[in-house]
Amino acid sequence: MPRLLPAPIGGGFRWSQRQAVTCLERPVGDLFPYLRRDEVSGGREVRSVTDTASRVEHPLSTSLYPLLPGLSAAWSHAIIDDKELFALQKNLARYALAMKELSLAEVEHVAELAQLDLSDDEKELFRRQLSSILEYAERLRLLDTEAIPPTATVLPLENVMREDCVQPSLPVADVLANAPAAEANCFRVPVVLEGEG
Amino acid sequence: MDLAYAPLARVQTLLRRRELSAVELTQAVLDRILALDNEIKAYLTVAPEWALEQAEEADRRRASGNDSSPLLGIPLAIKDLICVEGVPNTCGSRMLENYIPPFSATVIEKLRAAGAVILGKTNTDEFAMGSSTENSAFFATRNPWDLNRVPGGSSGGSAAAVAAGMAFGALGSDTGGSVRQPAAMCGVVGVKPSYGRVSRWGLVAFASSLDQIGPLARTVTDAAILLGVIAGHDPRDSTSVDTPVPDYPSFLTGEVRGLRVGVPQEYFGEGIQPEVEAAVREAIGTLAGLGAEIVEVSLPHTDAALPVYYLIAPSEASANLARYEGLRYGLSLEGPDLWQTYRRTRGQGFGAEVKRRIMLGTYALSAGYYDAYYLKAGKVRTLIRRDFDQALARCDVLVAPTTPTTAFRLGEKVDDPLQMYLADLFTLALSLAGLCGVSVPCGFDQNGLPIGLQIMGRAFDEATVLRMAHAYEQATEWHLQHPPLRANG
């Protein structure tokens, strides 16, 4: 089990490979014996991680924050064993992949998919805000969901059958009343196909 | 009007005894709206002439001897996301500023059939996307308890109107907490029915697997009466469930002896305002005093609810809001071709939060990211549901705070979407699981701002949740306090 040690004060976290974090609420004085015990058993202290792609070194507190739910910037280093170090590296690799900030081009591509005109200011604002929201969402990656079916609706799906008969519907004039342009009982739309109109 | 805060049952008695007419009652509420709403800004549209017509109709119906409905002649407010035929339905958006629905939602048909008087449409965050009602394209609504603070959201207009005595009840809609959260922040009762309990036909869609219409009221009994009228199967909504609607008020016996109340440990601790935790802990003690059995439970995936919700709801929203293209209804800004008409209309018609969520949802659903975001969120949603299934197999209800903090100041969180999303922290998981919940007032902080107790229950077991809420309410006096408004006299 790794020990994530707080700086300067706080409780203690235990972090298992697969599951998220459980808070163990330990008094401060308790932490040093743990540190010593791990040194004896060959655990290693991790104070920072390096993004192998960019070669940028991050202090553990900030770089691990999105990886471990419940972890805050108050944590400075962790004691982990070899197996856990391997798991951490694996997580970091996945994390580094996902953690690249959105580029302006990606924002423009998404805006095009969504059929939204955005101003330059909006593009930059959304680039930053979406990056930070997606970073927050990264914590879901730590949950093992390989054998879990997704929920799209909470209701059991079943076909609903009914008689195929004509029901009263709204008068055409009422339906068209909110349309910006209407003609001959139809919505009037701009030319759809080139060369016609 | 000393009746402004009267419970429905008392008003109904006065109406039945002919000591008061529906027209007099409606006029008095309209006068109060005129006196108060310039400051509070709960309503986007008030329909005074139509309201008085409905009241006259109610008086005629009563005179003809047909007065068994508990809502006959009762003035109500409706969130501006629920269509009422002939009354503008803006959804708090420039996109639908001039949209007049040609039909009424099923819940409106039910309220009208019960003889209720619809006063008007209340303010909401644009397309219900927000937690403070500040995302309305028109104006922010203010909290009646402190006009410098938000009423919560997105059903903030409905909550503020009920809290200020500007309606005897209201409808809101709850996707991730939009009824419970503003109810807590405005000191009123708010019910999020189980997914499928109330027809969504005529409710403008935000996130279709989560949206539910729910009542807001000043007492649990009033909320139970309203829920009883709007609940039930509707063939026009294929997700409404064909299961009997119990007579909710008959479950409000005050008796909770032997019921098991689970306290999920994850809803307490870090990030919660200490006064909120203290009030909720005291409320749990009150429930124990009433004979309920208190059990510690765990919902281990509570932390995941926020990221799951903010992937699933925007994904569904991005699909639902594709319908606003400037051709059939709503704003239309013509461009040189069809595509530019779409983009211009949507770029100008939607506000910042709506665009942000459409972008987020589009990204989460796009090729290459679907598995990592939308599908992953759906799988974790299953884990969240299992947590509740396990806890509710041992307990009849779960109790927790409705919100981490009391109402915050206007403008405090508008520039930081993630901070704003955290205001829904305690209401999201229940929505994702499709279960039912109630927020009931359980105290005040040092600034005199209301605190809400959230009572959560099994799917389609609103009766037990309301019974617990009612027993708590009757054992306390929080619901008898009203905001310090000048018009109170």
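So that the names make sense, note that chain A is the first sequence line, chain B the second, and so on, each numbered from 1.
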Give, for atom CE of B:M359 and atom CG of A:L102, the distance between the pair rounded to the nearest 0.5 Å. 8.5 Å
Okay, B:L311 and chain A: the region with an atom under 4.5 Å from a heavy atom over there is side chain
Check: B:I358 and A:V110 side chains under 4.5 Å, non-hydrogen atoms: no
Does B:Q348, at its CD atom, have more than 12 non-hydrogen atoms belonging to other residues, nucleotides or ligands within less than 6.0 Å? no
Could you tell me whether the side chain of B:T382 and the main chain of A:T151 form a donor-acceptor pair under 3.5 Å? yes
Atom group of B:L432 that falls short of 4.5 Å from chain A, counting heavy atoms: backbone
Verify, without hydrogens or angle tests, whether B:K376 (side chain) and A:L143 (backbone) share a donor-acceptor contact under 3.5 angstrom. yes
For the interface with chain B, which of A:L130, A:V175, A:D117, A:L176 has the highest count of heavy-atom pairs at distances below 4.5 Å? A:D117
Can you tell me which portion of A:A177 sits under 4.5 Å from chain B's heavy atoms? Options are side chain, backbone, both or neither. neither
Test item: B:Y421 and A:I133 side chains (from C-beta on) under 4.5 Å apart, heavy atoms: yes
Quick one, A:Y136 and B:L422 - any side-chain contact, counting heavy atoms below 4.5 Å? yes
Between B:V380 and A:T145, is there a side-chain heavy-atom distance shorter than 4.5 Å? yes
Working to the nearest 0.5 angstrom, can you tell me the gap between B:Y369 OH and A:L134 CG? 9.5 Å
If you count heavy-atom pairs under 4.5 Å with chain B, which of A:P150, A:A111, A:P149 comes out on top? A:P150
Using a cut-off of under 4.5 Å on heavy-atom pairs, state which of B:R385, B:Q340, B:R344 scores highest against chain A. B:R385
What is the distance from atom CZ of A:F126 to atom OH of B:Y363, rounded to the nearest 0.5 Å? 16.0 Å
Report which part of B:S194 has an atom under 4.5 Å of a heavy atom belonging to chain A: side chain, backbone, both, or neither. neither
Quick one: are B:P102 and A:N178 in side-chain contact, heavy atoms under 4.5 Å? yes
Using 0.5 Å steps for rounding, measure from the CZ atom of B:R343 to the CG atom of A:L118. 10.5 Å
Pairwise side-chain contact, B:L327 with A:R188, heavy-atom cut-off 4.5 Å (strictly under): no
Check each atom of B:N98 against the heavy atoms of chain A and say whether the ones under 4.5 Å are side chain, backbone, both or neither. backbone
The interface call for B:D242 against chain A, heavy-atom contacts under 4.5 Å, is neither
Report yes if some heavy atom in the side chain of A:L113 is under 4.5 Å from a heavy atom in the side chain of B:S366; otherwise report no. yes
Say you draw a straight line from CG of B:L321 to CG of A:L116; how long is it, rounded to the nearest 0.5 Å? 9.5 Å
Among A:A137, A:A114, A:A181, A:S119, the residue with the most heavy-atom pairs under 4.5 Å to chain B is A:A114
Heavy-atom proximity to chain A below 4.5 Å, by part of B:L375: both
Could you report the tightest heavy-atom contact between B:D415 and A:Q129, atom names first, then the distance? O-NE2, 3.9 Å
Between A:P180 and B:G330, what is the shortest heavy-atom contact and its length? CG-O, 4.5 Å
Is B:V308 close to chain A through its backbone or its side chain, or both, or neither, when contacts mean heavy atoms under 4.5 Å? both
Which bit of A:L155 is near chain B, if near means a heavy-atom gap under 4.5 Å: side chain, backbone, both or neither? side chain
Of the backbone (N, CA, C, O) and the side chain (C-beta and beyond), which part of A:E122 lies under 4.5 Å from a heavy atom of chain B, both, or neither? side chain
Top contributor to chain A interface from B:E316, B:K355, B:E325 [non-hydrogen pairs under 4.5 Å]: B:K355
Quick check on B:A322 against chain A: is it the side chain, the backbone, both or neither that has a heavy atom closer than 4.5 Å? neither
Highest number of heavy-atom pairs under 4.5 Å with chain A among B:A304, B:P417, B:S332 belongs to B:P417
Just by distance, no angles: are the side chains of A:Q115 and B:R346 close enough, under 3.5 Å, to form a donor-acceptor pair? no
Given A:V191 and B:L338, is the side chain to side chain contact (heavy atoms under 4.5 Å, CB included) satisfied, shown in steps? CA-CA 7 Å; A:V191 177; B:L338 186 65; over 6 Å; no
